[in-house]
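Just so it is clear, the values below take in all heavy atoms, side chains as well, and ignore hydrogens, waters and symmetry mates.
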Amino acid sequence: MIHSTCMMRLLQADREQPPEAKRSRTSKIRERVRRCIFPQSHKDGSSSHASDSPSRSKSQEPAMDIISYLPKELALNILTRLESTDLLNASQTCRTWRVLAEDDVLWRLKSKRISLPDERFLFPGSLSMDGFQRSLWKMNYIHHYRIDRNWRNDTNRAPVIIPAHKSHLITCLLLTDDNRAVTGSDDKTLRVWSVATGKCLFSLEGHNGGVWTAELEGNLLVSGSTDRTVRTWNLEDGCHMWTFFGHASTVRCLALKNGVCVSGSRDNSLRIWKVGLNSSDSITSNVCTGVLLGHEKPVKCVRYDGVFIVSGSYDFQVRVWNPVSNACLHVLSGHTERVYSLQFDGTHVVSGSLDSSIRVWDVQTGALKHVLTGHESLISGMHQRGNILVSGNADSTVRLWDIRSGVCLQTLGADGVKHQSGVVSMHFDENFVVTASDDGTVKLWDMASGKFVRDIVSLGSPDGVIWKIVANKTKLICAVGKRDRVVRDTAVDASKLLFFDFDTSLPTWGHPSPDSSLSDNSLPTWGHPSPDPSPDPSSFL
């Protein structure tokens with residue numbers, strides 16, 4: 001048994017990791033263990049067996065399985081420092097090491113260190129081929145790694161292409177929590193699609209003009225149209241529930257929270273509606289509870305968090321409203337052109353304008369906190385998660401900002417790879433930024449480094465354009481069509497949806513289901529692309 005002093009020295013050595021060391025973590029641990037076993041060799045340059053064989057080389061020193069002799073907690077402490085590939089190699093050394101390398105606590109710690117979500121419910125207990133109990137945290141780790149790799153490298157996974165709304169413009173695109181897609185079009189309809197099968201579930205008809213905006217909450221869908229109405233729909237059965245009248249012009253934007261809908265219109269006003277799914281709610285729901293007047297030009301965008309309503313207008317102003325009293329709390333002035341986009345997290349109001357600037361305001365005081373400059377044209381869209389903001393621009397650039405400090409963190413495409421036309425839509429999470437452009441491409445960027453990863457979509461046609469994208473952890477949906485209205489009018493099925501599925505198994509849209517077992521023969525370091533840019537799907541699916 002190794003003396004406790006040796007174990008303390010091992011822990012101390014493990015804590016002392018000089019940043020300049022270029023050896024792998026595995027080599028470091030191996031060297032530290034050797035120092036504990038042969039301390040004399042590091043004091044005077046000779047091993048404890050030097051008297052027997054002065055010429056004995058380091059490779060001839062007697063081997064010792066240090067890990068098997070250590071208490072389990074200490075052994076796991078060492079193994080947590082290994083990369084995933086090293087753990088897989090370690091698990092093949094002997095049964096003791098396999099037990100350690102399959103430990104649930106070990107993989108839980110590795111998952112928590114990179115903030116992986118807990119989706120162990122997807123793997124309700126599992127035995128390997130030899131009956132060995134597998135770690136559910138390990139399977140969770142592998143599951144998320146493979147999704148990451150599919151986004152980065154899976155060029156073999158072709159999208160399912162679905163004709164949608166014939167040759168008409170797709171004006172809005174939404175994705176539900178249960179993986180249904182909702183599209184709205186200037187053909188006066190909305191459609192609900194199954195992402196799993198690519199089939200149209202419902203065609204929602206009733207508007208007398210083009211659908212310009214839509215929002216959803218659970219199974220409640222609200223839409224606004226050029227017919228000046230707001231309509232509600234039940235996504236469980238596709239039924240139309242209520243039609244709200246009151247606006248004098250096109251309904252351009254909607255916000256929906258806790259059964260309260262706020263609509264903004266080209267008539268310069270906003271209206272607040274209490275909406276519900278059931279006809280029995282008609283006494284307390286499905287009525288207009290307020291009209292917000294103050295903007296002098298059309299309302300282009302609106303946000304609502306359940307406490308404050310924030311609106312942006314062509315009158316260059318952003319306004320903050322109280323939804324109970326209908327009073328305007330703040331008029332946020334400073335933009336010198338039309339306000340086209342808004343983000344609101346309950347604390348910060350972020351506005352993007354045709355004047356090429358982004359402004360960050362305090363919703364409580366109305367004070368201007370930061371002016372984000374760097375773009376050269378219209379702020380065409382923004383997406384916010386926490387304190388990180390991603391902005392797209394008609395100048396074809398994408399920037400990442402910290403809205404708390406006002407600092408630009410990254411400019412995507414600064415290394416020379418960028419869109420060739422304006423950025424029209426974007427999405428980002430903790431791993432990636434996905435951007436779509438008028439140039440007919442959808443590009444993938446690494447969130448941490450800002451580096452270009454690959455083109456997910458490249459239409460390869462001067463007439464092809466990406467209108468909208470929407471995504472979640474495993475799905476990406478793109479609305480594509482023709483740039484020229486004349487071309488669209490003469491084309492058959494010019495508007496299409498592209499469904500991408502980056503889950504750990506191939507989609508089932510007409511394809512045979514592959515063997516999606518989680519094999520342990522290939523698990524590279526998390527966050528780094530596979531050395532092979534075009535891996536064989538069968539090797540990791």
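- The minimum heavy-atom distance between Ser396 and Gln420, with the atom names listed, is CB-C, 4.5 Å.
- At least one side-chain heavy atom of Ser223 sits under 4.5 Å from a side-chain heavy atom of His207.
- With sequence neighbours excluded, the residues satisfying side-chain contact (heavy atoms from CB on, under 4.5 Å) with Thr243 are Thr229, Arg231, His240, Phe245.
- For the atom pair OG (Ser135) and CG (Leu106), the distance works out to 7.5 Å, reported to the nearest 0.5 Å.
- Ser194 has its side chain within reach of Leu201: a pair of non-hydrogen atoms, C-beta onward, lies under 4.5 Å apart.
- Looking only at atom types and distance, the side chain of Trp273 has a donor-acceptor partner in the side chain of Ser263 under 3.5 Å away.
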- Message: Assess the residue pair Arg228 and Asp267 against the criterion (side-chain contact (heavy atoms from CB on, under 4.5 Å)); give the C-alpha distance rounded to whole Å, side-chain angles, the decisive distance to 0.1 Å, and a yes or no.
- Response: CA-CA 9 Å; Arg228 301 173 291 181; Asp267 64 10; over 6 Å; no
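- Distance CZ/Arg454 to CG/Leu444: 6.5 Å, rounded to 0.5 Å.
- Of the possible polar contacts, one joining the Arg271 side chain to the Gly246 backbone as a donor-acceptor pair under 3.5 Å is found.
- Listed by first and then second residue, the ring-ring contact (aromatic ring centres under 6.0 Å, His included) pairs involving residues 292-328 are Tyr314-Tyr340 (not counting sequence neighbours).
- Counting only heavy atoms from C-beta outward, the side chains of Gln343 and Leu389 approach each other to under 4.5 Å.
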- Task: Check the pair Cys301, Val339 against side-chain contact (heavy atoms from CB on, under 4.5 Å), reporting the backbone distance first and the verdict last.
- Result: CA-CA 8 Å; Cys301 42; Val339 176; 4.2 Å; yes
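- Nearest heavy-atom pair, Leu254 versus Val302, reported as atom, atom and distance to 0.1 Å: C-CG1, 3.6 Å.
- With sequence neighbours excluded, the residues forming a side-chain contact (heavy atoms from CB on, under 4.5 Å) with Leu109 are Thr80, Val105, listed by chain and number.
- Side-chain contact between Trp445 and Phe432 is absent, with no heavy-atom pair separated by less than 4.5 Å.
- Shortest non-hydrogen contact noted between Val318 and Ser351 is CG2-CB, 3.7 Å.
- For the residue pair Asp345 and Gln384, a side-chain donor N or O sits within less than 3.5 Å of a side-chain acceptor on the partner.
- For the pair Cys172 and Val211, the tightest heavy-atom approach, listed with the atom from each and the gap, is SG-CG1, 4.2 Å.
- Put simply, the side chain of Ser313 gets close to the backbone of Lys297: a donor and an acceptor are under 3.5 Å apart.
- Under the side chain to side chain donor-acceptor pair (under 3.5 Å) criterion, Gln410 pairs with no residue at all, not counting sequence neighbours.
- Looking at residues two or more places apart in sequence or on another chain, you find no side chain to side chain donor-acceptor pair (under 3.5 Å) involving Trp137.
- Scanning for side chain to side chain donor-acceptor pair (under 3.5 Å) contacts around Trp193 gives Thr183, with sequence neighbours left out.
- Not a single side-chain contact (heavy atoms from CB on, under 4.5 Å) links Asp177 to another residue, sequence neighbours left out.
- There is no side-chain donor-acceptor pair under 3.5 Å between Trp467 and Ser425.
- Evaluation of the salt bridge (Lys or Arg N to Asp or Glu O under 4.0 Å) rule for Glu430 yields Arg385, Lys473 as partners, not counting sequence neighbours.
- The structure places CG of Asp395 at 7.5 Å from CD1 of Ile379, a figure rounded to the nearest 0.5 Å.
- For Arg338 and Asp355, the salt-bridge test fails: no basic side-chain N is under 4.0 Å from an acidic carboxylate O.
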- Val182/Leu216 under side-chain contact (heavy atoms from CB on, under 4.5 Å): CA gap, chis, key distance, verdict: CA-CA 9 Å; Val182 180; Leu216 58 86; 4.2 Å; yes
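- Of all the heavy atoms in Asn326 and Gly290, the pair that sits closest is ND2-CA, 3.5 Å.
- Under the 4.5 Å side-chain criterion, counting only non-hydrogen atoms from C-beta, Val457 is in contact with Ile466.
- How far CZ of Arg399 is from OG1 of Thr411: 3.5 Å, rounded to the nearest 0.5 Å.
- For Lys257, the NZ atom sits in a loose shell: 12 or fewer heavy atoms of surrounding residues, nucleotides or ligands are nearer than 6.0 Å.
- Expressed to the nearest 0.5 Å, how far CG of Asp438 lies from OG of Ser421 amounts to 4.0 Å.
- Side-chain atoms of Thr250 never come within 3.5 Å of backbone atoms of Arg252 as a donor-acceptor pair (strictly under, hydrogens ignored).
- Arg319 contributes no side-chain N or O that, together with a main-chain N or O of Gly312, makes up a donor-acceptor pair within less than 3.5 Å.
- Minimum interatomic distance between His335 and Ser353 (heavy atoms only, all atoms of both residues): ND1-CB, 3.2 Å.
- Looking only at distances, a side-chain donor or acceptor of Asn150 sits under 3.5 Å from a matching main-chain atom of Phe502.
- A 4.5 Å side-chain heavy-atom check between Val424 and Ile469 finds every atom pair outside the cut-off.
- Residues that satisfy the salt bridge (Lys or Arg N to Asp or Glu O under 4.0 Å) test with Asp104, not counting sequence neighbours, are absent from this structure.
- Within the 3.5 Å criterion, the main-chain N or O of Asn258 finds a donor-acceptor partner in the side chain of Glu217.
- In this structure, the side chains of His419 and Thr435 come closer than 4.5 Å at one or more pairs of heavy atoms.
- With sequence neighbours excluded, the residues that form a salt bridge (Lys or Arg N to Asp or Glu O under 4.0 Å) with Arg180 are Asp178.
- A donor-acceptor contact shorter than 3.5 Å is absent between the side chain of Thr441 and the backbone of Ser458.
- When each of Asn179, Leu497, Thr176, Thr474 is checked for a side-chain contact (heavy atoms from CB on, under 4.5 Å) with Val195, only Asn179 meets the rule.
- We find that Lys475 and Asp501 are joined by a salt bridge, their nearest charged nitrogen and carboxylate oxygen being less than 4.0 Å apart.
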- Before giving the answer on salt bridge (Lys or Arg N to Asp or Glu O under 4.0 Å), spell out for Arg146 and Asp503 the whole-Å C-alpha distance, their side-chain angles and the decisive distance to 0.1 Å. CA-CA 8 Å; Arg146 289 178 174 173; Asp503 210 341; over 6 Å; no
- Message: I'd like to know whether Ile309 forms a side-chain contact (heavy atoms from CB on, under 4.5 Å) with Ile272, so could you lay out the CA-CA distance, the side-chain angles of the two residues, the decisive distance to 0.1 Å, and finally the verdict.
- Response: CA-CA 10 Å; Ile309 296 171; Ile272 306 173; 3.7 Å; yes
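- Shown here are the side chain to side chain donor-acceptor pair (under 3.5 Å) partners of Asp455, two or more places apart in sequence or in another chain: Lys443.
- Residues Ser269 and Leu293 are in side-chain contact: their nearest non-hydrogen atoms beyond the backbone lie under 4.5 Å apart.
- Applying the ring-ring contact (aromatic ring centres under 6.0 Å, His included) definition to pairs two or more places apart or across chains, those involving residues 352-402 are His383-His427, His383-Phe428.
- Between the CZ atom in Phe202 and the CD atom in Glu236 there is a gap of 9.0 Å [rounded to 0.5 Å].
- Looking at Asn472 and Asp429, their side chains never bring a donor and an acceptor atom within 3.5 Å of each other.
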